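Quantities reported herein were computed from a predicted structural model and do not represent experimental measurements.
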Amino acid sequence: MNLTQFFIYLFLMAFSTYLIRAVPFVAVKNKIKNRFVLSFLSYIPYAVLTAMTIPAIFYATGSVVTASAGAVAAVIMAMMGAGLMPVAVVSCVVVYITEMLMSCFF
């Protein structure tokens with residue numbers, strides 16, 4: 001790839017990224033009052049976070065079993081009301097212990 005082609009690709013990517021961010025500001029000038037649209041927009045950050053986190057959980061370890069054990073431990077801790085740091089620490093410990101047990105028995 002030569003330098004001219006690189007800058008063309010760079011410009012196209014920057015332009016498309018800019019459009020994604022600028023079009024909502026141009027298209028929606030008034031405050032959104034529709035309850036359905038507001039409720040839909042309020043769930044977008046959670047959906048994006050979930051879409052980024054779930055695959056990372058299952059690709060972080062070498063086994064689906066250990067990843068599932070850590071995910072279950074994290075969900076249980078979070079449902080009990082624990083903060084982010086205890087949830088992360090407990091899920092890491094559960095994954096480590098599960099890995100140790102699997103290496104001993106399998």
Closest approach of [X] and [Y], non-hydrogen atoms and distance?
| X | Y | result |
| --- | --- | --- |
| A88 | S91 | O-OG, 3.0 Å |
| T61 | T66 | OG1-OG1, 3.2 Å |
| P86 | A82 | CB-CB, 4.3 Å |
| A73 | V94 | CB-CG2, 3.7 Å |

Could you see if [X] belongs to whatever hydrophobic cluster contains [Y]? Use Ile, Leu, Val, Met, Phe, Trp, Tyr and a side-chain cutoff under 4.5 Å.
| X | Y | result |
| --- | --- | --- |
| L101 | V93 | yes |
| V48 | L41 | yes |
| I32 | I44 | yes |
| V28 | F40 | yes |
| V65 | Y59 | no |

Count the heavy atoms belonging to other residues, nucleotides or ligands that lie under 6.0 Å from CG of L84, then report whether that count exceeds 12.
no

Atom CE of M102: over 12 foreign heavy atoms under 6.0 Å:
yes

Using modelled atom types and a 3.5 Å cut-off, is there a donor and acceptor pairing between side-chain atoms of T53 and backbone atoms of T50?
no

Would you say the side chain of F6 lies within less than 4.5 Å of the side chain of N2, judging by non-hydrogen atoms?
no

Do I54 and I57 come close enough that some side-chain heavy atom pair is under 4.5 Å?
yes

To the nearest 0.5 Å, what is the distance between CE (M77) and CE (M79)?
13.0 Å

So which pairs with a foot in residues 6-25 pass side-chain hydrogen bond (donor to acceptor under 3.5 Å, both in side chains), sequence neighbours left out?
Q5-Y9

